[in-house]
Number of protein chains: 2
Amino acid sequence: MSLSKRDELVQGALKAFYAGGFHAIGMDRLAKEAGVSKTAIYKHFRTKEELILATLRLRDEQFRNWLIRRVEALAENPRDQLLAIFDALGEWFLEDGFKGCMFIKASSEYLDREDPIHVTSAEHKRLLKTYFKGIAQKAGARDPEALAKQILVIKEGAIVLAHLLDPAEVADDAKGLARIAIEDALR
Amino acid sequence: MSLSKRDELVQGALKAFYAGGFHAIGMDRLAKEAGVSKTAIYKHFRTKEELILATLRLRDEQFRNWLIRRVEALAENPRDQLLAIFDALGEWFLEDGFKGCMFIKASSEYLDREDPIHVTSAEHKRLLKTYFKGIAQKAGARDPEALAKQILVIKEGAIVLAHLLDPAEVADDAKGLARIAIEDALR
DNA sequence: ATCAACATTTACCGATCAGTTAATGTTGAT
DNA sequence: ATCAACATTAACTGATCGGTAAATGTTGAT
C-alpha cells in the first residue's frame with residue numbers, strides 16, 4: 001500500500017513537472033494536487049531532488065516502453081522499424097498536452113553535467129541510443145552505432161522543434177531525414 | 001549613457017540566465033551581480049519577463065551573427081557552407097561554459113506556446129531556418145526549404161545531445177548526418 | 001546657492017520556496 | 001480497553017521570490 005501511494009505521488013509529480021517545469025512547481029503545490037500534506041511527501045522522498053529523480057526514472061521506463069511497443073506495432077522488419085520510430089514520434093507530437101521531452105527540460109533546468117538530474121537525463125538518451133543500435137544491427141546497417149547516433153540526433157531535434165514550430169510538419173521532416181540516413185547506412 | 005547601462009544589464013542577465021536558468025536566477029541576484037540595486041533594474045524593465053525577452057533578443061542577434069560570420073570564414077561556396085555550419089557548432093560545443101541553447105532552455109521553462117518567451121524562442125528558430133534556406137538555394141538544392149528544415153533538425157538535436165553526451169562526438173555525428181542530407185538534396 | 005528633475009538606494013510588501021517540528025489521528029496486537 | 005507504532009497533519013522556520021514605496025543622492029539650469 002505504501003508503495004502504491006508512493007507511485008501515485010510520483011505519477012502526480014510527473015504530470016505536474018512535465019506541464020509546469022521543475023523549478024516552477026513547488027512542493028506545496030505538489031502536495032495540494034496529490035491531496036496529501038507536504039510532510040507525507042517528505043516521508044517518501046528526502047528532498048525535492050529525490051522526487052524529481054524518481055519521476056525521471058518513471059518517465060524513462062514509460063517512454064521507452066511506449067516507444068518500443070509502438071514501433072513493434074507499426075512495423076515488422078527492422079528497417080521499417082527504424083522509420084516507424086518517427087511515425088510514433090509524430091503521433092506523440094500531436095497528442096494533447098505535448099510539451100517536449102521531460103529529459104531535455106530537466107537538463108535545461110539542471111545544467112551542470114555532474115548534477116544527478118542531468119546525469120539521469122543523459123542516461124535516458126544513452127538507453128535510447130542502445131535501443132536504436134539494436135534495431136540498426138538487425139537491419140544490417142554498415143555501422144549500427146553510427147546510424148543509432150544519427151537517429152538519436154534526428155529524434156532530439158524533432159522533439160525540440162515540434163514543441164516550438166508546427167509538430168506535424170516537423171514529424172514529416174524528421175522522417176524524411178531519417179529515411180535518407182537509413183538508406184545510406186543500409187546501402 | 002542610460003542606453004549602454006541598459007545594455008550592460010542585459011549582457012549580465014544573459015550570462016546569468018544562460019549559466020543558471022531563468023527561474024533559478026532571481027532579480028536580487030541579478031542586481032547584485034550587476035552591481036546595481038533591484039530598483040535600478042526595474043527602471044529599465046517593467047517585469048522580469050521583459051528583461052528575459054530583452055536577453056533573448058540580444059542572444060538571437062549574437063548567435064546568428066556569430067554563426068553567419070563563422071560559416072563565411074570557414075567556407076566559400078554554399079555547399080561547403082552548409083557543412084561548415086556543423087564545424088562552427090562543433091567549435092561552440094567545445095567552448096568553456098557551453099550549456100546548450102538559450103532558446104531551448106527558455107522554451108523548456110516557459111512551456112505554453114502563447115507565452116511571449118516561448119514565441120520569441122520559436123522566432124529565433126524560424127530565422128535560422130530562413131538563413132539555412134538562403135544557403136541551400138545558392139547551393140542549388142532541389143527543395144531548399146526542405147533541406148533547411150533538415151539542417152535545422154540536425155542542429156537542434158546536436159545541441160541538445162552535445163549538452164548531455166560527448167560534445168566532440170556529437171558534432172562529428174551531426175556533420176556526418178548533414179553531409180548525407182546535403183548530398184541527397186543536391187543530387 | 002537654490003531648487004526642480006532624475007537616478008539610485010534601502011527597506012519593505014505579501015507570497016512562496018524547500019524543509020522541519022510537534023501534535024494529532026489511525027491502526028493492530030495484546 | 002490499552003498502548004505502542006506508525007501515518008498524517010497543521011503550523012512553523014528562515015530564505016528567497018517578483019515587485020514597490022519612500023527616502024536619499026546626484027545633476028543641471030537658473
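The sequence lines fix the lettering, A, B, ..., with proteins before strands; numbering per chain opens at 1.
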Spacing between E8(A) atom CD and dA7(D) atom C1', to the nearest angstrom: 15 Å
Shortest side-chain distance from M27(A), nucleotide among dG18(D), dT9(D), dA18(C): dA18(C)
Interatomic distance, H23(A) NE2 vs dT16(D) P [rounded to whole Å]: 14 Å
For atom CZ of F45(A) and atom P of dA7(D), their distance in whole Å: 14 Å
Rounded interatomic separation in angstrom, taking CD1 from I41(A) and C1' from dA10(D): 15 Å
Spacing between R29(B) atom CZ and dG18(D) atom C1', to the nearest angstrom: 16 Å
Side chain proximity check, W92(B) to L67(B), heavy atoms < 4.5 angstrom: no
L82(A) and R79(A), any side-chain heavy atoms less than 4.5 Å apart: no
Nonpolar side-chain network containing L111(B), other nodes, edges under 4.5 Å: none
Contact residues, residues 46-59 of chain B to DNA chain C [heavy atom, < 4.0 Å]: none
Base-pairing string, 5' to 3', of DNA chain D - Watson-Crick or wobble, under 3.5 Å, | interstrand: ||||||||||||||||||||||||||||||
Among dT8(C), dA18(C), dT8(D), the nucleotide that comes nearest once only the side chain of K43(B) is considered: dT8(C)
Euclidean distance, atom CD of residue E109(B) to atom C1' of dC17(D) [Å, nearest integer]: 14 Å
Sugar-phosphate only, base, or nothing, as touched by I25(A) at under 4.0 Å among non-hydrogen atoms: sugar-phosphate
Hydrophobic cluster (4.5 angstrom, side-chain heavy atoms) - remaining members for V119(B): none
Aromatic ring pairing H124(A)/F103(A), orientation class (parallel under 30°, perpendicular over 60°, tilted between): parallel
Distance, rounded to the nearest Å, where H44(B) contributes NE2 and dT20(D) contributes P: 16 Å
Separation of L56(A) CG from M102(A) CE (nearest 0.5 Å): 5.5 Å
salt_bridge(E123(B), R126(B)) N-O dist < 4.0 Å: yes
By side chain to side chain donor-acceptor pair (under 3.5 Å) - contacts of E50(B) (at least two apart): R46(B)
Residues E33(B) and K15(B) bridged, charged N to O under 4.0 Å: no
Side-chain heavy atoms of I154(A) within contact of F86(A), under 4.5 Å: yes
Cation-pi check, R59(A) onto Y18(A) ring (under 6.0 Å, within 45° of axis): yes
Sugar-phosphate or base contact per nucleotide [nucleotides 10-15 of chain C; S, B, -; heavy atom under 4.0 Å]: B-----
Shortest side-chain distance from K5(A), nucleotide among dG18(D), dT9(C), dT8(D): dT8(D)
Atom pair distance, as rounded to whole Å: CG in L9(A) and C1' in dT8(D): 13 Å
Lys/Arg N to Asp/Glu carboxylate O, R64(A) vs D60(A), below 4.0 Å: yes
